Protein chains: 2
Amino acid sequence: MKQGADLQSLVGYRVQRANLLMETDARAALADHDLSPAKMTALILIRDNPGCDQTALGRALSINRSSAMKLVNILADKGLVERRPGRDLRTNALMLLPEGARQLDAMLAAVRQSDARMTQRLGAEELKTLLALLARLGLSPTLEDDED
Amino acid sequence: MKQGADLQSLVGYRVQRANLLMETDARAALADHDLSPAKMTALILIRDNPGCDQTALGRALSINRSSAMKLVNILADKGLVERRPGRDLRTNALMLLPEGARQLDAMLAAVRQSDARMTQRLGAEELKTLLALLARLGLSPTLEDDED
DNA sequence: TATTGTTATACTCTATAACTATA
DNA sequence: TATAGTTATAGAGTATAACAATA
């Protein structure tokens, strides 16, 4: 199947293909844990931002409140995450439970292995370059938040 | 929202974020045409591989026969693509219709503009480097097909 | 008025399994 | 037996719109 210049010259197409490759392997690496890469990301965010609310979690994942709700439901049903009373009576404070921390450690090990495998053909310097270039995609200088 | 070392050090996570950024902008650029970036990709593949069958198209897009079927239905319903008798009595030969070619040209212009905007902070040399590094992600030397 | 969580609903994309016709 | 297309069905992931409680 020919993939001519129109496709190959689009950076977005190349990034999409690379993402599919990486995500598929990461998903397979997580198969034992019955969680997608995105759900693992959510666990990391909750662990590193204990007490955050669902809306903030959604923003960090680029999904809306309603979708974040469903995601937290799944993580809570599995006993990985807990909704505690938040700063408001409106707001939940999300906390990673011990079982969540235990499973997250195992998942991270598996995903790091996948990540290393998929990047094995790049040297340390090349990897740094790749990450730096990816970080410069997009419109603005992307002033990152570091608080919620 | 803190995004600590566990996330930032995963190449897969960085690629996923970059992809979301690029894809969202490309999707917005295509809003007038009522087609997703993936469907535009399908049109390009059909144009550049006239007479290809649905299964081959699916393989190129990394989706299965059944999903390729649905995709072609949508493109055919819109009058962009046609199913002609193929090399077998089992097989379709997919062809881009004139209206498909016309719309594809307009879509390509819009997506190229989006792509240029999202990569504006990278120089020509940096872009080449990015594409080269992305192409080396994955396990094997990725011997690309160029026939179907 | 604005925000958080919630619910109901729907849409997109993809997959599996089974069937038909053909090879 | 194997392959191409097709159909029915289901699941994941996301979104919108509305509502209640709270701010």
Side-chain angles (χ1 to χ4, degrees), chain A residues 1 16-17 19-21 23-24 26-28 30-31 33-43 46 49 51-78 81-95 148, chain B residues 1 16-17 19-21 23-24 26-28 30-31 33-43 46 49 51-78 81-95 148:
Chain A
M1 197 65 160
Q16 189 258 318
R17 296 309 294 180
N19 183 51
L20 181 60
L21 215 60
E23 209 238 347
T24 300
R27 191 175 293 273
L30 290 178
H33 300 275
D34 207 46
L35 287 180
S36 63
K39 296 200 187 72
M40 189 194 75
T41 300
L43 290 180
I46 293 168
N49 300 276
C52 70
D53 63 50
Q54 294 179 182
T55 301
L57 177 66
R59 263 197 305 269
L61 294 167
S62 302
I63 59 180
N64 72 8
R65 272 185 303 161
S66 174
S67 302
M69 167 89 206
K70 271 189 156 182
L71 174 57
V72 172
N73 281 347
I74 292 168
L75 299 177
D77 286 351
K78 289 177 180 285
V81 154
E82 193 182 37
R83 286 176 170 106
R84 296 204 193 145
R87 59 180 187 282
D88 271 0
L89 284 176
R90 296 178 296 183
T91 312
N92 293 327
L94 300 177
M95 300 296 294
D148 71 276
Chain B
M1 199 66 159
Q16 189 258 318
R17 296 309 293 180
N19 182 51
L20 181 60
L21 215 58
E23 208 239 347
T24 300
R27 190 175 295 272
L30 290 177
H33 300 274
D34 207 48
L35 287 180
S36 63
K39 295 200 186 72
M40 189 195 75
T41 300
L43 290 181
I46 293 168
N49 300 275
C52 71
D53 63 50
Q54 295 179 181
T55 302
L57 177 66
R59 261 196 305 269
L61 294 167
S62 302
I63 60 179
N64 72 8
R65 271 186 306 163
S66 173
S67 302
M69 168 88 206
K70 271 190 155 182
L71 174 57
V72 172
N73 282 347
I74 292 169
L75 300 178
D77 287 351
K78 288 176 182 285
V81 153
E82 194 182 37
R83 288 177 169 106
R84 296 205 194 143
R87 61 181 186 282
D88 270 2
L89 285 176
R90 296 177 296 181
T91 311
N92 294 327
L94 301 178
M95 299 297 292
D148 68 275

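Atoms considered below: every heavy atom in the structure, side chains included; atoms not considered: hydrogens, waters and symmetry mates. Lettering follows sequence order; numbering is per chain, from 1. Quantities reported herein were computed from a predicted structural model and do not represent experimental measurements.
- Taking the side chain of B:Asn64 as heavy atoms from C-beta on, and the options C:dT16, C:dC13, C:dT7, the nearest nucleotide is C:dT16.
- At whole-Å resolution of the value, CG in A:Leu35 and C1' in D:dA12 are 13 Å apart.
- For A:Arg83, the listed nucleotide lying nearest its side chain is C:dT6; candidates were C:dT6, D:dG13, D:dG5.
- Using a 4.0 Å heavy-atom distance criterion, B:Ser67 is classed as a base contact.
- Two residues are said to be in side-chain contact when any heavy atoms from C-beta on lie closer than 4.5 Å; A:Leu35 and A:Leu43 meet this criterion.
- Of all nucleotides listed (C:dA18, D:dT22, D:dT7), D:dT22 comes nearest to the side chain of A:Leu89.
- For B:Asn64 (side chain) and B:Ser66 (main-chain N/O), a donor-acceptor pair under 3.5 Å exists by modelled atom type.
- We find that CG of B:Asp34 is positioned 12 Å from C1' of C:dT12, with the value rounded to whole Å.
- Atom CG in A:Asp53 sits roughly 14 Å away from atom C1' in D:dA23 (whole-Å rounding).
- OP1 or OP2 of C:dC13 has at least one side-chain nitrogen or oxygen of B:Ser36 nearer than 4.0 Å.
- Looking at heavy atoms from C-beta onward, A:Met95 lies out of side-chain contact with A:Val81 at the 4.5 angstrom threshold.
- Heavy atoms from other residues, nucleotides or ligands lying under 6.0 Å from CG of A:Asp77 number more than 12.
- C:dT12 atom C1' lies 16 Å from atom CD1 of A:Ile63, rounded to whole Å.
- The side chain of A:Lys70 sits closest to C:dT9 out of C:dT9, C:dT6, D:dA4.
- A:Asp88 comes within 4.0 angstrom of sugar-phosphate atoms only, judged by non-hydrogen atoms across all strands, and of no base.
- As a whole-Å value, the separation of B:Glu23 CD from D:dG13 P is 16 Å.
- If you measure from atom CZ of A:Arg65 to atom P of D:dA17, you get 12 Å, rounded to the nearest angstrom.
- Atom pair B:Gln54:CD and C:dT14:P shows a separation of 15 Å (rounding to whole Å applied).
- Here the side chain of A:Arg90 is nearest to one of C:dT16, D:dT22, D:dT9, namely D:dT22.
- A straight line from CG of A:Asn73 to C1' of C:dT4 spans 14 Å, rounded to a whole angstrom.
- For A:Ser66 against C:dT7, a side-chain-to-base donor-acceptor contact under 3.5 Å is present.
- For the pair A:Arg90 and A:Asp53, the salt-bridge criterion is not met [side-chain N within less than 4.0 Å of a carboxylate O].
- Listed pair B:Thr91 / C:dT22 fails the phosphate criterion, with no side-chain N or O lying under 4.0 Å from OP1 or OP2.
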